[in-house]
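What follows is one structure encoded as structure tokens, with my remarks underneath.
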Amino acid sequence: MYLSLRSEVEDALEAALAALDLPTDDLGIERPPEDVDAAVASSVAFRMAGEVGAPPPKVAADIAAETDPTGYEYVGRVDTQGPYVNVFPSDSYVAETVETAQSEAYGRLPDRDTSVVVEHTSANPTGPVHVGRARNPIVGDAVVRVLDFAGYDVDAHYYVNDAGRQVAVFTWAYETFDESDLPEPEREKADYDLVRYYRKGNEFLKEGDDEAVEAAEAEIDAIMQGLEDGDEAVYERVGTVVDTVLDGMTETFDRLPAEFDEFVKETRLMRSGATDDVVERLRALDEAVYEKEAWQLDLSDHGFDKNLVFLRSDGTSLYTTRDLAHHEWKFDNYDRAVTVIGEDHKLTFNQLDQSLELLGYDTDQLDQVFYSWVNLPGGEGMSTREGTGVDLDDLLDEAIDRARAEVEDRLDDRLRDDDLDEAGVERIAEQVGTGAVRYDIVSKQPTKSITFEFERALDFEAQSAPYVQYVHARACGILGEAADEGVEPAESVDPDLLDTDAERDLLRTIARFPAAVDEAAAELEPHRVATYTRTFAEQFNAFYRECPVLTADDPETRRARLALVAAARETVGNALRVLGVAAPDSM
RNA sequence: GGGCACGUAGCUCAGUCCGGAUAGAGCGUCGGACUUCUAAUCCGACGGUCGUGGGUUCAAAUCUCACCGUGCCCGCCA
């Protein structure tokens, strides 16, 4: 609705400016500050003041006078406040917003007939997911949801690194060490079970005596070579380790939840011949050089100091080589490809982008979302290999425990009489606990680094998931109560019935939701939706305070407000779904 | 040394892409509101040289340049 209003305002302003013989290329359309009542505003008068030779307020008044709302569906009154031209929405804007927002699909944008593959997480399958890695599935899954909601046809992919050196080390370690030499696993789960071998192996390679390490390295190299040569037995050995660990990790991702449509293995691109094929084409490029027995791309003419090695001197491919084949495959199968990836991969990714361009691809179809690392207080990093950091499973457990304690605490002085049983307590604890962790991460700009603080992530008060979830629960509560009393939301609403500031502010915020989705999708910034939910919650709470619904003075107002509550519930419910945060019916 | 990112209140963050209305929240501190649709809520007070300095502009947190600080990267690892 807001998007339509905005484009109508553009048309109306353009027409007014043209009628005044003024340029129409810069309309200065913006959203006014919260304490200004207009829905859309323009600072165009500043820009025209010089041209016209009159002070901005005078110019604004002239433009406003020339702007004719008739013929526009959503443009109501046009007014000025000093140098600003302010546009107020029409009655049908109000009525239509309340009506359309009551639909389950509110905010979902029309199909764009465009397929997008979103690759995210793609963490090495080497062990339990720790909090440092958690930013990727959380942001990645939110990007998937935002794009889906914005009308794209989205597939979520996890690119499995099953051909790298680390996996070879892992396979060797798994086959070499005996369980009796390992510590107890921290959890009864496949990834915790197997990571013990990986850690033991790395420790051995670091501290074992030279001769033994050399022998181990030879075995590891043999595994790498086996993969490169297409040795089925080696694929199978590696696959056993990778699949087992990945199953454990997937269980953790499911808790968030972060869901994948497909796990694409690197080895698939080796076995299919795609990697060899791209190597041939890379070698044929003008930028290809053969130095120190390794094939590389000299990208210095394209702004890269460092050569990109794509074939080792022993003839094996590198991660980036396989990733080039991987991206060619994406280009063949999708209209767009988005990768959510840590900023430490930025250089490599830019080289990959450049290489794809040299291979003749249109890399405008390729987008990346880079995120910064998550650190522990005190500047300590997190490492699977060394076993430092906070496991995501532990964080989620703790979050749910705290949420459960919170629900139980509130049980006694709970006003609402809805017979909350044990399953209900558990349901709320999981929705709130998991939601809090997820929201804490998804609500921040990915480019900013995060210092992970347990207490802050699990603060259930304002600016957290529970704060927003509570709004949804409150709306559900009112609607449930109304249904019990046999009161139905109004099907069509007389805008005059919703004319307090609180009602109008809430309505305007509801109307803006599709625009928020559109912007978040365009910029690949799901945190914008989180920012939106926060504003939304504030507006709803103001409405809740100011406007009694069930005890409103007359039946028409009651039903009109109820319709507004229904619209609010769908809006905040869908906003939470876009973020991947549960929307509880009660709390 | 070079490249990229970040720097907004004591702390955690929006706002920066696309320059415009007194720079907004939350946490913390202090003071208030539950016989009224759920107090995981709300209201109020206190708190800011938007890292520093220059430039562009009628107008700069936002654009631009320099500098400072922090992080990441600069491997025949991923």
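Throughout, protein chains are lettered first and strands after them, A, B, ... in sequence-line order, and every chain is numbered starting at 1.
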Under a 4.0 Å heavy-atom cutoff, the residues of residues 44-53 of chain A touching RNA chain B are A/F46, A/R47
Any side-chain donor-acceptor pair under 3.5 Å between A/D554 and A/T557?
yes
Checklist entry - Rounding to the closest angstrom, what is the interatomic distance between B/C18 and B/U22 at atom P? => result 24 Å
Would you call the rings of A/F540 and A/F536 parallel, tilted or perpendicular, where under 30° means parallel and over 60° means perpendicular? parallel
- request: Specify whether A/H326 and A/Y159 have parallel, tilted or perpendicular ring planes, treating 30° as the upper limit for parallel and 60° as the lower limit for perpendicular.
  value: parallel
Would you say A/Y371 reaches B/C72's phosphate, i.e. side-chain N/O to OP1/OP2 under 4.0 Å?
-> no
### Query
With rounding to whole Å, what would you report as the distance between B/C6 and B/C13 at their P atoms?
14 Å
Query raised in the report: Base, sugar-phosphate alone, or nothing: which one does A/V565 contact when heavy atoms must sit under 4.0 Å apart?
Result: nothing
Worksheet entry | salt_bridge(A/E525, A/R528) N-O dist < 4.0 Å | yes
Pairing partner of B/A21, by Watson-Crick or G-U wobble and under 3.5 Å for both distances, is none
Checking N1-N3 plus N6-O4 or O6-N4 for Watson-Crick, or N1-O2 and O6-N3 for wobble, each under 3.5 Å, the partner of B/U62 is none
Requested in this report: Look at A/N541 and B/U41 and indicate whether a side-chain polar atom (N or O) is within less than 4.0 Å of OP1 or OP2.
Outcome: no
Rounded to whole Å, the CG-P distance (A/L352 to B/C77) equals 17 Å
message = What I want to find out is whether A/R165 reaches A/E217 closely enough, with some N-O distance under 4.0 Å, to be called a salt bridge.
response = yes
According to a strict under-4.0 Å criterion, is A/H472 in side-chain N/O contact with OP1 or OP2 of B/A40? no
Using Watson-Crick geometry (N1-N3 plus N6-O4 or O6-N4) or G-U wobble (N1-O2, O6-N3), each under 3.5 Å, B/G71 is paired with B/C4
Residues of residues 439-447 of chain A with a heavy atom under 4.0 Å from any atom of RNA chain B, listed by number, are A/K444, A/Q445, A/T447
message: Tell me whether A/R31 at atom CZ has more than 12 heavy atoms from other residues, nucleotides or ligands lying less than 6.0 Å away.
response: no
For the pair A/E406 and A/R402, find out whether any cationic side-chain nitrogen is under 4.0 Å from an anionic carboxylate oxygen. no
*Would you indicate, yes or no, if B/C77 has its OP1 or OP2 atom less than 4.0 angstrom from a side-chain nitrogen or oxygen of A/R312?*
yes
| message | Using the ring centroid of each side chain, check whether A/Y371 and A/H345 are separated by less than 6.0 Å. | response | no
Rounded to whole Å, the CG-C1' distance (A/L318 to B/C76) equals 6 Å
If you compare every side-chain N and O of A/R456 against the phosphate oxygens of B/G26 (OP1, OP2), does one of them come in below 4.0 Å? no
Ring centroid separation A/H120 to A/Y158 under 6.0 Å: no
*asked:* Using atom P in both nucleotides, what's the gap between B/A60 and B/U64 to the nearest angstrom?
replied: 16 Å
Base, sugar-phosphate or nothing for A/T531? Non-hydrogen atoms, less than 4.0 Å. sugar-phosphate
Gap in Å between the two C1' atoms, one belonging to B/U16 and one to B/A33, rounded:
38 Å
From NZ of A/K306 across to P of B/C77 the rounded distance in Å is 10 Å
Whole-Å distance, A/E34 CD to B/G15 P, equals 14 Å
Rounded to whole Å, the CD-C1' distance (A/E523 to B/G15) equals 14 Å
Item to check | A/E426 with A/R404: basic N within carboxylate O range, under 4.0 Å | outcome: yes
Exercise for review: Could you check whether A/P32 gets within reach of a base, just the sugar-phosphate, or nothing at all, counting any heavy atom under 4.0 Å?
Suggested key: base
**Message:** Taking 4.0 Å as the cut-off, does a side-chain nitrogen or oxygen of A/K448 come that near to OP1 or OP2 on B/G7?
**Reply:** yes
Whole-Å distance, A/E538 CD to B/G26 P, equals 7 Å
Between B/U62 and B/G7, how many Å separate the two P atoms, rounded to a whole number?
12 Å
So A/R322, base contact, sugar-phosphate only, or nothing? Heavy-atom distance under 4.0 Å.
sugar-phosphate
Between CD of A/Q463 and P of B/G28 the distance, given in whole Å, is 12 Å
In whole angstroms, the gap separating P of B/G15 from CZ of A/R528 amounts to 7 Å
Taking CD in A/E293 as the centre, count heavy atoms belonging to other residues, nucleotides or ligands within less than 6.0 Å. Is the count above 12? no
Roughly how far apart, to the nearest Å, are B/U29 and B/A23 at atom P?
27 Å
(Q) Under 4.0 Å, heavy atoms only, any strand: does A/Q469 hit a base, just the sugar-phosphate, or nothing? (A) nothing
Looking across every strand, which nucleic acid part, if any, lies under 4.0 Å from A/A482 by heavy atom: base, sugar-phosphate, or nothing?
nothing
The Watson-Crick or G-U wobble partner of B/U56, with both key distances under 3.5 Å, is none
Practice item. Check every strand shown and say whether A/F310 touches a base, only sugar-phosphate, or nothing at a heavy-atom separation below 4.0 Å. Key: nothing
Original post:
Taking the P atom of each, how far is B/C58 from B/G19, in whole Å?
Top reply: 15 Å
Are A/E119 and A/S122 linked by a side-chain donor-acceptor pair shorter than 3.5 Å?
yes
Determine: side-chain N/O of A/R410 to OP1/OP2 of B/A40, distance under 4.0 Å, yes or no.
yes
Checking N1-N3 plus N6-O4 or O6-N4 for Watson-Crick, or N1-O2 and O6-N3 for wobble, each under 3.5 Å, the partner of B/C30 is B/G44
* Counting any heavy atom closer than 4.0 Å, what does A/V549 reach on the DNA or RNA strands: base, sugar-phosphate only, or nothing? -> base
Quick one: label A/D162 by what it contacts on the DNA or RNA (base, sugar-phosphate, nothing), any heavy atom closer than 4.0 Å.
nothing
Need one value for A/T535: base, sugar-phosphate or nothing, where a base atom within 4.0 Å counts as base even if backbone is also close, heavy atoms only.
nothing
Check your understanding: With a 4.0 Å cut-off on heavy atoms, is A/H527 in touch with a base, just the backbone sugar-phosphate, or nothing at all?
Key -> sugar-phosphate
Item to check | Pair A/S464, A/D459: side-chain N/O donor-acceptor within cut-off below 3.5 Å | outcome: no
**Asked** Using atom C1' of each nucleotide, how far apart are B/C4 and B/C50 to the nearest Å?
**Response** 23 Å
